[in-house]
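Right, one structure below, let's go through it.
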2 protein chains.
Amino acid sequence: MNQVHVQQIECLLVLSEELHFGRTAARLGYSPSRASQLLSALERRVGVRLVERTSRRVSLTRFGAQFVEEVRPAYENLSTTFLRARDRAMRGALRELRLGFHGSVYEQVTEAFRLLRAEHEVTVTLSEIPLGSPFSAVLEGRLDAALVELPVHDPALTVGFRFPPQEQLLAVGTAHPLASREGVRVEELAEFDLLRPVGDAPDYWMAARVPPTTPSGRPIRSGTGINTVQEGLALVAAGTHAMLVCRPMAQSISRTDVRCLPISEWEEPSQLGLVRRTADTGPQLTALAGLLAEVYGGDSPCYAGLSPAPGSRDIA
Amino acid sequence: MNQVHVQQIECLLVLSEELHFGRTAARLGYSPSRASQLLSALERRVGVRLVERTSRRVSLTRFGAQFVEEVRPAYENLSTTFLRARDRAMRGALRELRLGFHGSVYEQVTEAFRLLRAEHEVTVTLSEIPLGSPFSAVLEGRLDAALVELPVHDPALTVGFRFPPQEQLLAVGTAHPLASREGVRVEELAEFDLLRPVGDAPDYWMAARVPPTTPSGRPIRSGTGINTVQEGLALVAAGTHAMLVCRPMAQSISRTDVRCLPISEWEEPSQLGLVRRTADTGPQLTALAGLLAEVYGGDSPCYAGLSPAPGSRDIA
DNA sequence: CATATCGTTGAGCCTAGCTCAACGATCGCT
DNA sequence: AGCGATCGTTGAGCTAGGCTCAACGATATG
């Protein structure tokens with residue numbers, strides 16, 4: 001009763017363009033009398049005459065013109081908002097995509113987010129997830145996808161995009177026995193205690209983060225657990241711990257008390273992936289995967305993706 | 001059918017706050033079943049579930065939350081726009097006030113406009129009106145009021161505010177015989193040709209602009225008509241014409257080829273007024289009159305209003 | 001397991017949305 | 001000046017949608 005009647009407003013807006021009740025009614029799909037009734041009802045509710053009409057000429061009142069001027073943008077705003085939402089609903093799309101990540105988000109990825117926002121009207125919210133629980137937030141529905149290390153062997157989860165594989169380095173503190181070396185052989189890993197993510201990740205994933213043995217079978221110790229990369233780096237810098245990190249991560253470390261050494265004779269790169277629920281077939285994640293492929297140059301993931309700046313501080 | 005249903009949106013917005021169909025219905029003033037029907041109708045129209053509900057718990061769907069986030073501001077915008085307009089309509093107020101003026105608008109007046117906008121949500125549009133037709137635009141309804149010289153003797157017109165009366169000066173060009181003088185006696189006016197506004201102003205108004213005779217009865221010539229003050233000043237500067245101007249006007253003249261002389265032995269000040277239609281009893285003009293009175297210091301119009309800067313160039 | 005709360009559904013009433021036909025006002029034409 | 005055409009309005013009347021009520025099913029609490 002006392003609320004805004006969209007129909008009446010529509011009628012007024014069309015009438016303000018047509019200045020003719022017959023055409024207005026035709027455009028809106030009902031009889032001229034209805035247009036007349038709608039408008040007089042609106043005028044009754046507003047309290048003043050909005051349209052001056054004789055049987056020959058229709059014109060807006062001074063107040064009516066100002067009213068139209070005010071109401072039109074507000075109406076169109078609501079209307080398009082509604083239609084846009086309905087459109088998204090029909091496409092099964094969401095306006096906001098919740099993504100999780102480990103450590104840091106690379107520039108190519110934020111570029112893809114920017115494109116996604118521009119081309120698909122999707123905004124991305126980011127939240128860091130515990131290093132040792134890469135999948136639970138996605139599985140529980142708190143996130144739509146996670147940018148985490150592969151592999152994933154879970155029928156409920158699917159990898160939407162595979163990032164270029166990256167060499168793994170060994171991060172050690174400047175006080176560490178290895179700190180003065182230029183590199184380390186993979187068999188030497190058995191002599192140190194590697195930091196290990198803690199969380200509810202499946203065993204195969206944990207084993208991929210910190211191998212239980214060297215290629216020749218010597219056991220690798222990993223007594224200390226960490227929850228985040230920064231936590232790990234703090235331990236590395238402070239004591240005698242060592243930690244495996246991928247090359248882009250090593251490049252992004254800006255502390256002077258940590259060095260990253262290449263590991264020779266080891267061919268097990270780490271690879272990030274965009275992990276989503278298999279059941280979630282929304283188009284935005286597909287779009288994001290496509291944009292990531294685009295950003296990483298061609299749609300075939302390759303090693304060339306993250307070109308490391310020559311002479312950067314990753315090996316010294 | 002295919003349009004936005006405000007009722008449904010209202011229901012969703014309230015429900016998103018209450019998360020309870022019973023309370024929602026109570027707040028909106030209908031039965032719980034109606035709330036349920038409205039919401040399912042909205043969901044049918046949008047195409048997806050907006051609210052997840054069991055008989056014990058009501059919560060917004062992910063999409064529903066985003067939808068609410070988008071729609072609420074749009075709805076509130078339309079709603080308040082409508083209510084504001086209705087409020088103005090009931091007060092008989094207009095959002096825009098069309099004013100006319102002669103020559104220039106003084107700072108005190110624009111200050112009053114600023115206050116009017118801030119306190120009464122009324123914007124002012126200004127347009128200059130021909131010097132000789134001060135009333136016709138108002139009488140014809142093209143303007144709401146005019147800031148023009150008094151007097152007005154027309155039952156259809158009313159003076160909403162009287163500005164402080166101002167001394168009149170004689171503007172002459174630097175080549176004029178009087179240019180080297182410090183002042184002029186009123187009887188000397190009979191010796192020159194005064195510029196005269198042309199337009200449809202009533203005779204009594206024209207006579208007040210350019211008196212037909214000096215106080216002692218000697219006729220004053222006024223052969224040349226002008227449409228605007230600037231036109232008059234151009235003629236004054238170029239030739240041997242003279243023109244009567246009020247003190248604030250003289251102060252605002254920035255040309256070096258025109259001088260303004262005080263007229264001794266003459267006590268006929270010019271006075272500006274805010275002239276409106278008597279039939280137009282809208283509150284904004286009353287408000288404007290009040291603000292003008294305020295700006296001009298107290299509500300009793302007095303001569304002290306426009307304090308001329310000492311040593312300003314009005315008399316040389 | 002009993003009970004209370006709460007959202008949904010379907011039947012039914014009633015208002016409003018809408019159309020149709022008749023009317024009155026205005027303008028152009030002769 | 002009179003005629004006809006155009007156009008907005010009004011009131012009668014039909015129908016669909018708005019709304020309520022009562023019954024039902026599901027869920028949490030004791």
Original post:
What one-letter contact string describes nucleotides 24-30 of chain C from 5' to 3', where B marks a base within less than 4.0 Å of any protein heavy atom, S marks contact via sugar-phosphate atoms alone, and - marks no contact?
Top reply: BBBS---
Original post:
Near B/Arg57 CZ, under 6.0 Å, is it more than 12 heavy atoms from other residues, nucleotides or ligands?
Top reply: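 Check fails, neighbour count at 12 or below.
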Close side-chain approach of [X] and [Y], heavy atoms under 4.5 Å:
| X | Y | result |
| --- | --- | --- |
| B/Gln284 | B/Asp144 | no |
| B/Leu131 | B/Val229 | yes |
| A/Val109 | A/Phe101 | no |

Starting at atom [atom1] of [X], determine the distance to atom [atom2] of [N], rounded to an integer number of angstrom.
| X | N | atom1 | atom2 | result |
| --- | --- | --- | --- | --- |
| A/Glu52 | D/dT9 | CD | C1' | 15 Å |
| B/Leu38 | C/dT8 | CG | C1' | 14 Å |
| A/Gln7 | D/dA16 | CD | P | 16 Å |
| B/Tyr30 | D/dC21 | OH | P | 15 Å |
| B/Leu28 | D/dG18 | CG | P | 15 Å |
| B/Leu39 | C/dC6 | CG | P | 18 Å |
| A/Phe21 | C/dT19 | CZ | C1' | 17 Å |

Got a list of protein N/O to nucleotides 9-14 of chain C N/O distances below 3.5 Å?
none

**OP:** Please name the pair of heavy atoms, one in B/Ser79 and one in A/Val4, separated by the smallest distance, quoted to 0.1 Å.
**Re:**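 Where B/Ser79 meets A/Val4 most closely, the heavy atoms are CA-CG2, 4.2 Å.
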Side chain [X], main chain [Y], donor-acceptor under 3.5 Å:
| X | Y | value |
| --- | --- | --- |
| B/Arg209 | B/Arg196 | no |
| A/Thr61 | A/Gly64 | no |
| A/His20 | A/Gly22 | yes |

**OP:** Please list residues of residues 8-20 of chain B whose heavy atoms come under 4.0 Å from any atom in DNA chain C, ordered by number; otherwise none.
**Re:**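 Contacts with DNA chain C under 4.0 Å: B/His20.
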**OP:** Specify the angle, to 10°, made by the local axes at the two ends of the helix from C/dC1-D/dG30 to C/dT30-D/dA1 when five pairs are taken at each end.
**Re:**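 Computed from the C1' atoms at both ends, the axes differ by 20°.
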**OP:** Output every pair passing salt bridge (Lys or Arg N to Asp or Glu O under 4.0 Å) with a member in residues 8-28 of chain A, not counting sequence neighbours, ordered by first then second residue.
**Re:**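 Passing the test, one end in residues 8-28 of chain A: A/Glu17-A/Arg27, A/Glu17-A/Arg72, A/Glu18-A/Arg23, A/Glu18-A/Arg27.
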**OP:** Enumerate the residue pairs fulfilling side chain to side chain donor-acceptor pair (under 3.5 Å) with a member in residues 150-159 of chain A, sequence neighbours excluded, ordered by first and then second residue.
**Re:**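 Checked against side chain to side chain donor-acceptor pair (under 3.5 Å) - neighbours excluded - the pairs reaching residues 150-159 of chain A are A/Thr158-A/Thr278.
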Original post:
Do the side-chain N and O atoms of A/Glu149 and A/His102 include a donor-acceptor pair separated by under 3.5 angstrom?
Top reply: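 There is such a pair between these side chains.
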